[in-house]
Amino acid sequence: SFPLCVRRQKHLCPGKPSYRALLDTVEISKERVKFQINNEEDKASLSVEIYEIEGNIFRVKINEITPLKPRYEVPDVLIKDPISLRLRVLQKDANELVLAGTSEDQQLWITANPFQIQLLSKDETELSMNSDGLLYWEHLHQGIRCLLFFSIQENQDDFGLWKEKFGSFLDIKANGPISIGLDFSLHGFEHIYGIPEHAETLLLKNTSDDDVYRLYNLDVFGYKIHSKMGIYGSVPLLLAHKPDRTIGIFWLNSSETLVEIATKATAKVSVALDSCSYVAKQRVVPQTNVHWMSESGIIDTFILMGPSPFDVFKQYAQLTGTQALPPLFSLGYHQCRWNYEDEADVEMVDAGFDKHDIPYDVMWLDIEHTDGKRYFTWDKKKFGNPERMQKQILMKKKRKLVVIVDPHIKADPLYSIYSQAKKRGYFVKDRKGEDFEGICWPGLSSYLDFTNPEVREWYADQFAFEKYKGSSEILFAWNDMNEPSVFKGVELTMQKDAVHYGKWEHRDVHNLYGFYQQMATTEGLIKRSLGLERPFVLTRSFFAGSQKYGAVWTGDNKAEWQYLKISIPMLLTISIAGISFCGADVGGFIGNPEPELLLRWYQAGALQPFFRGHANMHTRRREPWLFGEENTKIIREAIKERYSLLPYLYTLFYRAHTVAEPVMRPVWVEFPKELETFGIEDEFMLGNALLVYPVTEPKVTTVSAFLPGQQEIWYDFRKLRYLDGQGILKVPVTLNNIPVMHRGGTIIPLKTSVGKSTEWMIEASYELRAALDHMGSASGELYLDDGHSFQYLHDKQFLLRKFTFHNNVFSSRCADENGQFLTGCVIERILILGMKKQPSSVTVSIHNGKDKAVPFTYESSVKNSVLTLQKLSLNVGIDWVLQIK
């Protein structure tokens, strides 16, 4: 149920604003414009600060002028203090203040009475704040029991002012009511996205009084489909899109937050010159109102002005950071189960992949591998020699191990992690100042206070080889249960009046808890390697900025078709909120998937960023070879195709890391002017080149895929055939694969052969697959480094190659002169789809070398043609030109 502080906000009446701006208090500096606003009912004042931040971002902060104590402002999420630009005053009087941004086309209009901020672009209002008058602020109080905006006679405690009951739990509100809220109107926008994590549609829906989007990280076992209630992660970033504009709202607040959305049609009057006279014309335009309500903290919001989707992604990354570049192995296939029983089981499963010729990179161990759920330990009977298991079974085959490390610590004085943390005061406290205790997997547990930088540093040190006995350089980490999960707590989480570092209440930092654990874990793995090796850390709970520390997944899904289907919009929403490295458990964590569902899930997961098979301990075993030879063959082919695509995937992650482009993206992101794409969530783009349509229903023989782009040409990725048609295309499907379309105008790098794991494929040769557009052109990139270290960053040990095909000339050139990585890898063959006629000759020219003839084959039919260039042996790192005559 919603906290009462938020229910009070929901009683506010739109259109009855209570604040006015005191424009005689305006202070102007080169960093910001500052003024006061006053509540007309209780005469309380607030401070408003407006910033323009380089990169086309505006920031609005609202806070108390002289609070009884500081209110919580989210630290550590912004990667640096944003660089502010000077706002210019264009007009100022008692009722209006007009500010100009760096661009003359953008202005901020501040109206005094009622207080409102409008953001105009080219004289069109794009966004306004407080236009519905829902700005709400509960001031800190001590000993004064008053309720803002309400006049009621009942006992005020019943309204959640100083205490609130949740079942048998009592939440003591030490500072009384401190919730905040603000409304935004998005003018001309009706397509709204973002604010993960919810098991909901990609396109956000209108809300109702009891059905609003909730951002509150919770451990929800088998979460409900099509629910707006919070699950494991929260990213308070919302995107609005229309054909000529994308903008974003980033609400930087880590307390429980609710978001109301209401799209409506509004009449807009414009005056135009018609036959020498002015005529007023009325047109109907959409408008979406978004109301943010948070339990505590301040109002700190960033308006990302785009104008394109990719501009918004860059602006958000400028604030919170880009996706960490993952080690290459983590893009392979991961095999997990709760739990692999012992070392013999691990060895048997590992051998099974080799026996059935299925590549994989990572074995995972869940909680049962530990000594009584004590993290950083091993069960001595089941895993008596973990170093041998890692080095002789996995490392020998160039594979890795991931183990679970949860935030709760078993309350056992003989457990060194517990005794050290207790002695140092590293646990979250209850409201009485004692260590907070709750029930989780080990039984009675205390919870590390990761908001404390000293705790994070200590925790990071626990990954050192001399402390984490039995660990090795191939061991990586999985942070689960970090919402945090408390089995007998309110909504299975920590009480809001628990106390953290700095005497902040848990209500202030709740959505940050998992963010901080992943941060500490990531730092631990980097420290363990002396700063040389890239870490891999998967987390279930996340917040804005979690992309800097690793990967996330969608939690405890079910082995049902609807969960496969909903995973696509869930992953797309997480992706456009900055976290590219995301996935859903293949097969469904809970229950036993029928073979067809499992096959379809492998086919979908193989073309999504994070690819892991996982299952609950109460399910039947489901390693890929346990469903008959025919099904094993289909799963093998899906996984092998993933491995052949690793050069393309790795390049996409490089772009996510450097320029914040989502790896997996909604179709509308690539085709922002096509209205038909705005609601598509059953297919997605993998980068800019592949359109993927997962099959999410049983016994399907045909799917209706949408091929966007009036000028686009599409090819069947596997059959190398031109696809005739635009818009809805009926595509026949079999159990063997799902539709994947290759976009004309793009070039994809692939590996020509697949090994047992990614490390077996380092020296494997490359294929370039070029799909020509209607102009007969194509382009693409290949990023390459050692796949595991930070040398790409510190020593410029990387390569970025640019491939282009135009006017029958195919060339490779360096796309970043800083790159100095040397490789012996070669491009062995090139496929060109869409060549209109058979060439008479193909020659290759390399700098300081003689032109050489290239062997080729040409296959064509009425609308299909494939030119294959073979035996090229062109080093990846050199420039070359192919002439096709």
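Note that these values count all heavy atoms, side chains included, but never hydrogens, waters or copies made by symmetry.
Using a 4.5 Å heavy-atom threshold, the side chains of Phe611 and Leu649 count as separate. Proximity of Phe476 to Val537: side-chain heavy atoms (C-beta onward) are nowhere separated by under 4.5 Å. The shortest distance between side-chain heavy atoms of Leu328 and Asp785 does not fall below 4.5 Å. By the 4.5 Å heavy-atom criterion applied to side chains, Gln392 and Glu343 are not counted as neighbours. At a threshold of 4.5 Å between non-hydrogen side-chain atoms, the residues Val552 and Ile574 count as touching.
Closest of all the heavy-atom pairs between Phe536 and Pro327 is CB-CG, 4.2 Å. When all heavy atoms of Gly787 and Tyr650 are compared, the pair lying nearest together is CA-OH, 3.5 Å. Between Phe427 and Ala421, the closest heavy-atom pair is CZ-CB, 3.5 Å. The two residues Leu365 and Asn339 come nearest to each other via the heavy atoms C-OD1, 4.1 Å.
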Requested in this report: Assess whether ring-ring contact (aromatic ring centres under 6.0 Å, His included) is satisfied between Phe581 and Phe653, documenting all intermediate values.
Outcome: CA-CA 8 Å; Phe581 205 1; Phe653 270 96; 5.1 Å; yes

Open item on the list: salt bridge (charged side-chain N to carboxylate O under 4.0 Å, His left out), that's the test. Do Lys527 and Glu533 meet it? Break it down for me.
Closed with: CA-CA 9 Å; Lys527 287 175 73 173; Glu533 297 294 310; over 6 Å; no

Open item on the list: Evaluate Asp357 against Lys640 for salt bridge (charged side-chain N to carboxylate O under 4.0 Å, His left out), listing each step before the verdict.
Closed with: CA-CA 9 Å; Asp357 188 28; Lys640 282 193 169 185; 2.7 Å; yes

Steps toward salt bridge (charged side-chain N to carboxylate O under 4.0 Å, His left out) verdict (Arg540, Asp219): CA-CA 9 Å; Arg540 189 170 72 176; Asp219 176 2; 3.4 Å; yes

- Message: Test side-chain hydrogen bond (donor to acceptor under 3.5 Å, both in side chains) on Trp441 and His408; report intermediate values, then the result.
- Response: CA-CA 8 Å; Trp441 293 124; His408 50 264; 5.2 Å; no

- Query: Should Asp354 and Arg399 be marked as a salt bridge (charged side-chain N to carboxylate O under 4.0 Å, His left out) after you check the CA-CA gap, both sets of side-chain angles, and the distance that decides it?
  - Reply: CA-CA 12 Å; Asp354 295 334; Arg399 289 169 178 152; 2.7 Å; yes

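Remark: Lys410 is not positioned above the aromatic ring of Tyr415, lacking an NZ or CZ atom under 6.0 angstrom from the ring centre and at most 45 degrees off the axis.
With His614 as the partner, the ring pair (Phe, Tyr, Trp, His ring centres under 6.0 Å) test is satisfied by one option alone out of Phe589, Trp364, Trp601: Phe589. Partner of Thr539 under the side chain to side chain donor-acceptor pair (under 3.5 Å) criterion, out of Thr521, Asn482, Asn479: Asn482 alone.
Applying the side-chain contact (heavy atoms from CB on, under 4.5 Å) rule to Lys314 yields the partners Val659; only residues at least two apart in sequence or on another chain are considered. Residues passing the side-chain contact (heavy atoms from CB on, under 4.5 Å) test with Asp786, sequence neighbours excluded: Arg534, His788, Ser789, Gln791, Phe821. Partners of Ser644 under the side-chain hydrogen bond (donor to acceptor under 3.5 Å, both in side chains) rule, at least two apart in sequence or in another chain, do not exist in this structure. Listed by chain and residue number, Asp76 satisfy the side-chain hydrogen bond (donor to acceptor under 3.5 Å, both in side chains) test with Tyr516 (two or more places apart in sequence, or in another chain).
Side chains of Tyr459 and Gln517: a donor-acceptor N/O pair is present below 3.5 angstrom, by distance only. Side-chain N/O atoms of Ser541 and Asn217 include a donor and acceptor closer than 3.5 Å. Judged purely by distance below 3.5 Å, without hydrogens or angles, the side chains of Tyr447 and Asp435 never pair a donor atom with an acceptor atom. For the residue pair Arg337/Thr619, the side-chain donor-acceptor check at 3.5 Å is satisfied. A side-chain donor from one of Gln335 and Tyr340 sits under 3.5 Å from a side-chain acceptor of the other. Looking only at atom types and distance, the side chain of Ser812 has a donor-acceptor partner in the side chain of Arg801 under 3.5 Å away. Glu454 and Tyr426 share a donor-acceptor pair across their side chains, judged by distance under 3.5 Å alone. In this model, a donor atom of one side chain and an acceptor atom of the other lie less than 3.5 Å apart for Trp338 and Glu368. The closest side-chain donor-acceptor pair between Ser254 and Asn511, if any, does not fall under 3.5 angstrom. No side-chain donor from either of Asp361 and Tyr333 sits under 3.5 Å from a side-chain acceptor of the other.
Other residues, nucleotides and ligands contribute over 12 non-hydrogen atoms within 6.0 Å of the NZ atom of Lys467. In the displayed structure, Glu457 atom CD is contacted under 6.0 Å by at most 12 heavy atoms of other residues, nucleotides or ligands.
Between Tyr513 and Phe543, the ring center distance fails the sub-6.0 Å criterion. When ring centroids are compared, Tyr232 and Phe542 stay outside the 6.0 Å threshold.
Residue pairs meeting the side chain to side chain donor-acceptor pair (under 3.5 Å) criterion with at least one partner in residues 571-586, sequence neighbours excluded, are Trp553-Asp585, Asp585-Arg612. Pairs of residues two or more places apart, or lying in two chains, that qualify as side chain to side chain donor-acceptor pair (under 3.5 Å) and include a residue from residues 377-390 are Gln390-Ser472.
Side chain of Ser873 to main chain of Glu828: no donor-acceptor pair is present (N/O by atom type, distance under 3.5 Å, no hydrogens or angles). No donor-acceptor distance shorter than 3.5 angstrom exists from the side chain of Thr320 to the backbone of Ala317, with no hydrogens or angles considered. Ser757 places a side-chain N or O within 3.5 Å of a backbone atom of Lys398 that can act as its donor or acceptor partner. Checked by atom type and distance alone, the side chain of Ser765 never pairs as donor or acceptor with a backbone atom of Thr752 at under 3.5 Å. Proximity of a side-chain donor or acceptor of Asp342 to a complementary backbone N or O of Asp345 within less than 3.5 Å is detected. For the pair Arg665 (side chain) and Pro662 (backbone), a donor-acceptor distance under 3.5 Å is present. In this structure, Lys469 contributes its side chain and Glu466 its backbone to a donor-acceptor pair below 3.5 Å. Judged by distance alone, with hydrogens and angles left aside, the side-chain atoms of Gln547 form no donor-acceptor pair with the main-chain N or O of Gln323 at under 3.5 Å. Formation of a donor-acceptor pair under 3.5 Å by the Tyr602 side chain with backbone atoms of Ile639 is not found in this model. In terms of modelled atom types and a separation under 3.5 Å, the side chain of Tyr792 and the main chain of Gly819 share no donor-acceptor contact.
Separation of atoms CZ (Phe515) and CZ (Phe450) is listed at 13.0 Å; rounding is to 0.5 Å. To the nearest 0.5 Å, atom CG of residue Leu448 and atom OG1 of residue Thr451 are 11.0 Å apart.
Classified by interplanar angle (parallel below 30°, tilted 30° to 60°, perpendicular above 60°), the ring pair His356/Trp625 is parallel.
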